[in-house]
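Here the structure comes first, spelled out in structure tokens, and everything after it is commentary.
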Amino acid sequence: MSTTATEGEWQRTRVVLVRHGESNATVSRTIGGPRTCTGLSDLGRLQAARLADRLAATGEVAADVLYSSGYPRAIETGEIIAPALGVDLTFETGFGEHDPGPECDGLSFIDFVDRYGAPDWEHDPYGVTFPGGESIAEFDVRVGSTLSKAVHRHRGATIVVVCHGGVIDRIFRALLRQPSTGMFELNTGNTSLTEFVHVAPGKWQLVRYNDLAHLSGLPAATVRS
């Protein structure tokens, strides 16, 4: 993904990624794609409210624009934090999670493994993990191009994106120029803050990853399979 510009055009841009709150799909152990996502669990809404309280109290994120993916769990999270940021929520489907396709969307994890075997996320990015869904390579291109367009559209601004663990992984790898599979594994928590700053043409700095300070004292979220 290219987010470079000429020296004359370059401006310091801030990208803050917010993973959505705990979802009903995670609690029910199902693949919650864009067709079957039913939004946040009760705990997920409480997590998002905690984040909103933090953002309102600290003013640490002076957002110029707020995006969410088109998934209900991201939209709900965005709607809860938008008043604290003082900006309207804009939907951008390009920030959606890895699309499992219509055949796998809504399956339980157990049924998916029974039908297709354990997924392989670590080797061939062009391989078929979700029959009828996106490959990792296609997911990379979609997320990378969506972010690139947003950064160029809002150059010099603070861009907040409410999205998904997989999307944060894709952006993390793209901006830090890491391979699309393997090497490391991220475990991004619900409503966590991850922040990058465009510090020079073609160069991004990771400021923080998985900042969850606002969730202190809450029950633990459901562990993802």
Side-chain angles (χ1 to χ4, degrees), residues 3 11-27 32-97 142-143 145-172 175 188-198 207-219 221:
T3 56
Q11 297 180 57
R12 189 178 179 92
T13 304
R14 186 181 184 193
V15 174
V16 180
L17 307 172
V18 178
R19 183 172 177 238
H20 59 78
E22 182 188 73
S23 67
N24 290 323
T26 295
V27 174
R35 303 156 196 83
T36 64
C37 174
T38 59
L40 298 178
S41 68
D42 289 342
L43 177 58
R45 285 185 287 273
L46 182 56
Q47 292 168 336
R50 280 287 193 89
L51 176 58
D53 289 345
R54 170 184 174 174
L55 295 173
T58 64
E60 66 195 89
V61 178
D64 296 296
V65 61
L66 173 63
Y67 286 108
S68 86
S69 86
Y71 284 57
R73 57 186 182 264
I75 292 171
E76 282 190 58
T77 304
E79 288 173 340
I80 291 170
I81 70 170
L85 294 172
V87 291
D88 293 331
L89 183 64
T90 300
F91 305 147
E92 175 48 74
T93 59
F95 286 123
E97 184 60 284
R142 171 169 60 79
V143 172
S145 63
T146 302
L147 180 65
S148 181
K149 291 173 185 175
V151 167
H152 281 82
R153 187 181 302 124
H154 305 289
R155 195 174 290 128
T158 295
I159 305 165
V160 181
V161 182
V162 183
C163 54
H164 307 264
V167 173
I168 293 169
D169 180 85
R170 297 297 98 197
I171 292 174
F172 193 102
L175 296 187
T188 307
N190 294 118
T191 70
S192 64
L193 299 172
T194 295
E195 180 178 350
F196 292 89
V197 175
H198 198 188
V207 176
R208 54 178 161 175
Y209 167 68
N210 212 28
D211 181 349
L212 293 164
H214 51 281
L215 298 187
S216 178
L218 287 186

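For the residue pair N24 and S41, no side-chain donor N or O sits within less than 3.5 Å of a side-chain acceptor on the partner. For the residue pair H164/S69, the side-chain donor-acceptor check at 3.5 Å is satisfied. Side chain to side chain, S145 and S148 fail the donor-acceptor criterion of an N or O pair below 3.5 Å.
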inquiry  = Show, in sequence, the C-alpha distance, side-chain angles and deciding distance for I171 and V143, and conclude whether the side-chain contact (heavy atoms from CB on, under 4.5 Å) test is met.
reply    = CA-CA 7 Å; I171 292 174; V143 172; 3.7 Å; yes
task = Please assess R14 against V16 for the test side-chain contact (heavy atoms from CB on, under 4.5 Å), listing each intermediate value before the final yes or no.
result = CA-CA 7 Å; R14 186 181 184 193; V16 180; 4.0 Å; yes
request  = Begin with the C-alpha distance, continue with both residues' side-chain angles, and end with the deciding distance and a verdict on side-chain contact (heavy atoms from CB on, under 4.5 Å) for H214 and T191.
outcome  = CA-CA 9 Å; H214 51 281; T191 70; 3.0 Å; yes
ask   = Going through the distances and angles, do H198 and R12 end up as a side-chain contact (heavy atoms from CB on, under 4.5 Å)?
value = CA-CA 5 Å; H198 198 188; R12 189 178 179 92; 5.7 Å; no
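Looking at D211 and R54, a side-chain N of the basic residue comes within less than 4.0 Å of a carboxylate O on the acidic one, giving a salt bridge. Ion pairing between a basic and an acidic side chain is recognised when a charged N comes within 4.0 Å of a carboxylate O; E79 and R45 show no such pairing.
For the atom pair CZ (R208) and CG (L193), the distance works out to 5.0 Å, reported to the nearest 0.5 Å. Going from atom CD1 of I168 over to atom SG of C163 covers 4.5 Å, rounded to the nearest 0.5 Å. Atom OG1 of T90 sits about 7.0 Å away from atom CG of D88, to the nearest 0.5 Å. Taking CG of L212 as the reference point, atom CG of L51 lies at 9.5 Å (rounded to 0.5 Å). Rounded to the nearest 0.5 angstrom, L17 CG and D169 CG are separated by 11.5 Å. Rounding to the nearest 0.5 Å gives a distance of 13.0 Å between CZ of R153 and OG1 of T13.
With hydrogens and angles disregarded, a donor-acceptor distance shorter than 3.5 Å links the side chain of E97 to the backbone of G166. Counting only distance, with no hydrogens or angles, the side chain of T77 and the backbone of H20 share no donor-acceptor pair below 3.5 Å. Judged purely by atom type and a 3.5 angstrom limit, R19 uses its side chain to pair as donor or acceptor with the backbone of T188. A donor-acceptor pair under 3.5 Å links the side-chain atoms of T194 to the main chain of N210, judged by distance alone. Formation of a donor-acceptor pair under 3.5 Å by the Q47 side chain with backbone atoms of E22 is found in this model. R73 contributes a side-chain N or O that, together with a main-chain N or O of G32, makes up a donor-acceptor pair within less than 3.5 Å.
Using bins of under 30°, 30° to 60° and over 60° for the plane-to-plane angle, the ring pair Y209/F172 lands in the perpendicular bin.
When all heavy atoms of S68 and I75 are compared, the pair lying nearest together is OG-CG1, 3.6 Å. L66 approaches V162 most closely through the heavy-atom pair CD1-CG2, 3.9 Å. Across every non-hydrogen atom of L55 and A84, the tightest pair is CB-CB, 4.2 Å. Contact record, A221 with N190: CB-OD1, 3.6 Å, taken as the closest heavy-atom pair.
By the 4.5 Å heavy-atom criterion applied to side chains, V197 and E195 are counted as neighbours. Looking only at side-chain heavy atoms (C-beta outward), R50 and L218 come within less than 4.5 Å of each other. In this structure, the side chains of D64 and V160 stay at 4.5 Å or more apart for every pair of heavy atoms. F95 places a side-chain heavy atom less than 4.5 Å from the side chain of Y67.
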